[in-house]
Amino acid sequence: MIDIDEFSNDFKFFKVLNKPGYGWIVHSLPGVVVLPIRFNSYYDSKKVSDIDVGLIHIYRDPLEIKSWEIPGGEIENKEDLVQAALRELCEETGYHANKVEKIGLFYETPGRAYHPHHVLIASNLLSSKKLGRLAEEEGIQDFRFFKLTEIDKMILMNKIISSPTITAIKILSLWLNTV
């Protein structure tokens, strides 16, 4: 693991640490990002044109803007990846999934932080409720499905600015081309 000389500050969701010989880094618990996918043509199609991806519309206070993002968050209380993905999906979208599969892993800002993100797809979605109060408290204002071609345009138009979302979409595209 990481050789840490000094714990500087604990901010609940992350810690600022001093790594000897390197300097200060941010250390976060592992997280999940969940790509809710819907098949348009036939069940379990791997064709890009047959898949829609669900995105949440969320207000990001530090930037004072709204962005479209995929659901996600930290793994809590000894959850496994699937449990965390299902919880985040339900909390942020009101959907449950009958099928969840890990398709990748990435680290956000690896030069300054230890922050692994596990990328999972969730399919066979069932709507359980409308966006709940908790989602609204987190700044989530909407949830919709988009075609991957629409998402590419949204990235170029800066309607999607979240690096975990952009990275997970790229991982999904690569996964679709290899399976």
Side-chain angles (χ1 to χ4, degrees), residues 30-61 63 65-76 79-108 115-179:
V32 293
V33 289
V34 187
L35 292 149
I37 60 174
R38 184 171 66 184
F39 301 100
N40 295 319
S41 186
Y42 55 91
Y43 181 72
D44 261 352
S45 171
K46 297 292 191 286
K47 290 173 39 184
V48 170
S49 61
D50 292 335
I51 294 175
D52 291 343
V53 177
L55 301 174
I56 57 174
H57 201 213
I58 186 167
Y59 179 76
R60 291 300 184 189
D61 200 37
L63 302 177
I65 62 170
K66 295 177 190 173
S67 174
W68 288 97
E69 302 178 10
I70 57 173
E74 291 186 353
I75 300 169
E76 297 177 357
E79 291 175 314
D80 64 30
L81 297 177
V82 170
Q83 291 168 329
L86 290 170
R87 178 184 48 75
E88 288 292 342
L89 178 68
C90 186
E91 286 176 1
E92 296 186 6
T93 71
Y95 277 83
H96 293 284
N98 286 330
K99 186 175 179 183
V100 177
E101 180 180 351
K102 181 178 174 180
I103 63 168
L105 169 73
F106 68 91
Y107 289 81
E108 192 171 351
H115 195 187
H117 296 274
H118 298 274
V119 181
L120 297 97
I121 56 171
S123 59
N124 298 349
L125 301 171
L126 304 167
S127 179
S128 63
K129 60 180 174 149
K130 297 224 179 239
L131 289 176
R133 186 168 186 213
L134 177 62
E136 291 171 0
E137 289 172 0
E138 291 179 8
I140 298 172
Q141 301 176 359
D142 197 4
F143 174 73
R144 284 192 232 158
F145 286 93
F146 298 91
K147 300 229 173 278
L148 283 172
T149 53
E150 292 176 288
I151 291 172
D152 289 343
K153 290 176 187 172
M154 292 167 71
I155 292 169
L156 291 174
M157 295 172 57
N158 294 321
K159 291 183 179 186
I160 297 174
I161 59 167
S162 157
S163 60
T165 297
I166 294 168
T167 303
I169 293 294
K170 179 63 177 181
I171 289 171
L172 175 63
S173 296
L174 293 169
W175 178 80
L176 288 169
N177 288 327
T178 60
V179 290

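Every value quoted in this text rests on a predicted model; they were computed, and no experiment measured them.
- Here CD of E138 is found 6.5 Å from CD of E91. Values are rounded to the nearest 0.5 Å.
- Take H117 and apply the ring-ring contact (aromatic ring centres under 6.0 Å, His included) test, not counting sequence neighbours, and it matches F106, H115.
- In this structure, L148 and L172 have side chains that are in contact, with non-hydrogen atoms separated by less than 4.5 Å.
- Considering CD1 of I140 and CD of E92, their distance stands at 4.0 Å, rounded to 0.5 Å.
- Using a 4.5 Å heavy-atom cutoff, the side chains of L125 and F145 are in contact.
- For the pair A85 and V100, the tightest heavy-atom approach, listed with the atom from each and the gap, is CB-CG1, 4.2 Å.
- Not counting sequence neighbours, the partners of H57 by the ring-ring contact (aromatic ring centres under 6.0 Å, His included) test are W68.
- From E101, atom CD reaches atom CD1 of I121 across 4.5 Å, with rounding to the nearest 0.5 Å.
- Side-chain contact between I103 and L35: present, with at least one pair of heavy atoms (C-beta onward) separated by less than 4.5 Å.
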Using distance only, find each side-chain donor-acceptor pair of residues 150-165 under 3.5 Å and give its atom names and separation, not counting sequence neighbours.
| unit_1 | atom_1 | unit_2 | atom_2 | d |
| --- | --- | --- | --- | --- |
| E150 | OE1 | K147 | N | 2.7 |
| S162 | OG | T165 | N | 3.2 |
| S162 | OG | T165 | OG1 | 3.2 |
| S163 | OG | E108 | OE2 | 3.4 |
| T165 | OG1 | I70 | N | 3.1 |

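- Between D80 and V82 the shortest heavy-atom distance is OD1-N, 3.1 Å.
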(request) Just do the side-chain contact (heavy atoms from CB on, under 4.5 Å) check on H118 and I75 with the steps written out, would you? (result) CA-CA 10 Å; H118 298 274; I75 300 169; 4.1 Å; yes
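- Heavy-atom minimum distance, A97 versus L86: O-CD2, 3.6 Å.
- In this structure, I171 and G104 approach most closely via the heavy-atom pair CG2-CA, 4.1 Å.
- For T93 against P71, the heavy-atom pair with the smallest separation is CG2-CG, 3.6 Å.
- In terms of modelled atom types and a separation under 3.5 Å, the side chain of E88 and the main chain of V33 share no donor-acceptor contact.
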(message) Using the rule given for side-chain contact (heavy atoms from CB on, under 4.5 Å), can you reason through I56 versus F143, listing the C-alpha separation, both sets of side-chain angles and the distance that settles it, and then say yes or no?
(response) CA-CA 4 Å; I56 57 174; F143 174 73; 3.8 Å; yes
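- What you find for L81 and K102 is that their closest heavy atoms are CD1-CD, 3.8 Å.
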